[in-house]
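Below is one structure; the comments refer to it alone.
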Amino acid sequence: FFLTVIGTTGTFVVCSSGPYATVYQAQELESRLDVAVKIYDKEQNALQGFLREAEAARYIAKHYPYGRPRNILPVVEVITPELAIVTPLCDLGTVHKKIRREGKLSVLQTAAVLSDLCDGLEASHAAGVLHRDVKPSNILLQKTDLKREDEFEIDPTAKHTHALLSDYDISLCNSTV
């Protein structure tokens, strides 16, 4: 899996950062698809969080009985020596950023996000994974070609938007939920 940098300066574009990791936008060389690369800070003792997130993603993919869950951010690649996790780029950002940018969500937008969130949590629980950190900054928004099954729309300017649950770095795998 080979990545190239995005931007005119030849550096990764920072999407977000937290105390233990930074998320960058990059591009997969062969497919030219935009991806997000979450790189854990080796100096912050983030190894346990990295290992939990990588394990949770693999566990959900392996143990969810109905194929790949639509409302959980899929992991494309885990790069162990660099403590990096590669996922599809969610071009609309997080629910937290949407609220900060546009103000509170409408009732219909909130219903759509909660519907998707419940689907993601149901899939996690069916696979035996407990998230433990559900919050607006861990819910990503992504445009999709899939039509929503409900009448709610998260972003009227980006038809067929879905919310995806992410950030499983404090999850519990094989839990009884």
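On a predicted model such as this, the values are computed, not experimentally measured, just so you know. All values below were derived from every heavy atom in this structure, side-chain atoms included, with hydrogens, water molecules and symmetry-related copies excluded.
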Practice task
Is it possible for you to say whether Leu33 and Leu89 belong to one hydrophobic cluster, with membership spreading through side-chain heavy-atom contacts below 4.5 Å?
Solution key: no
Handout entry: Derivation of the side-chain contact (heavy atoms from CB on, under 4.5 Å) call for Asn71 and Leu117
Key = CA-CA 7 Å; Asn71 297 100; Leu117 176 61; over 6 Å; no
Problem - All side-chain contact (heavy atoms from CB on, under 4.5 Å) counterparts of Cys90, not counting sequence neighbours - result: Leu73, Leu140, Gln142, Leu164
Practice task
Kindly write out the residues that satisfy side-chain contact (heavy atoms from CB on, under 4.5 Å) with Ile99, not counting sequence neighbours, or none if the list is empty.
Solution key: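 Here the qualifying residues are Val95, Leu105.
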Rounded to the nearest 0.5 Å, what separates atom [atom1] in [X] from atom [atom2] in [Y]?
X      : Y      : atom1 : atom2 : answer
Glu53  : Thr87  : CD    : OG1   : 8.5 Å
Asp116 : Ile139 : CG    : CD1   : 9.5 Å
Ile39  : Ile79  : CD1   : CD1   : 7.5 Å
Phe50  : Asp41  : CZ    : CG    : 13.5 Å
Lys104 : Lys98  : NZ    : NZ    : 14.5 Å

Between [X] and [Y] (side chain of the first, backbone of the second, donor and acceptor by atom type, cut-off under 3.5 Å), is there such a pair?
X      : Y      : answer
His131 : His125 : no
Asn138 : Asp133 : yes
Ser115 : Ala111 : no

Handout entry: salt bridge (Lys or Arg N to Asp or Glu O under 4.0 Å) partners of Lys97, counting only residues at least two apart
Key =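 Lys97: no salt bridge (Lys or Arg N to Asp or Glu O under 4.0 Å) contacts found.
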Problem - Heavy-atom side-chain proximity of Tyr40 to Thr22 below 4.5 angstrom - result: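 A side-chain contact under 4.5 Å is absent here.
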Practice task
Would you indicate whether the side-chain heavy atoms of Ser124 and Ile72 approach each other to under 4.5 Å?
Solution key: yes
Problem - Set of side-chain hydrogen bond (donor to acceptor under 3.5 Å, both in side chains) partners for Asp119, sequence neighbours left out - result: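 Checked Asp119 against side-chain hydrogen bond (donor to acceptor under 3.5 Å, both in side chains); zero matches.
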Exercise for the section: Kindly give the heavy-atom pair with the smallest separation between Val23 and Ala36, and that separation in Å. Expected result: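 Where Val23 meets Ala36 most closely, the heavy atoms are CG1-CB, 3.9 Å.
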Fill in the blank from the handout: For Tyr24 and Cys15 the tightest heavy-atom approach is C-SG, 3.9 Å
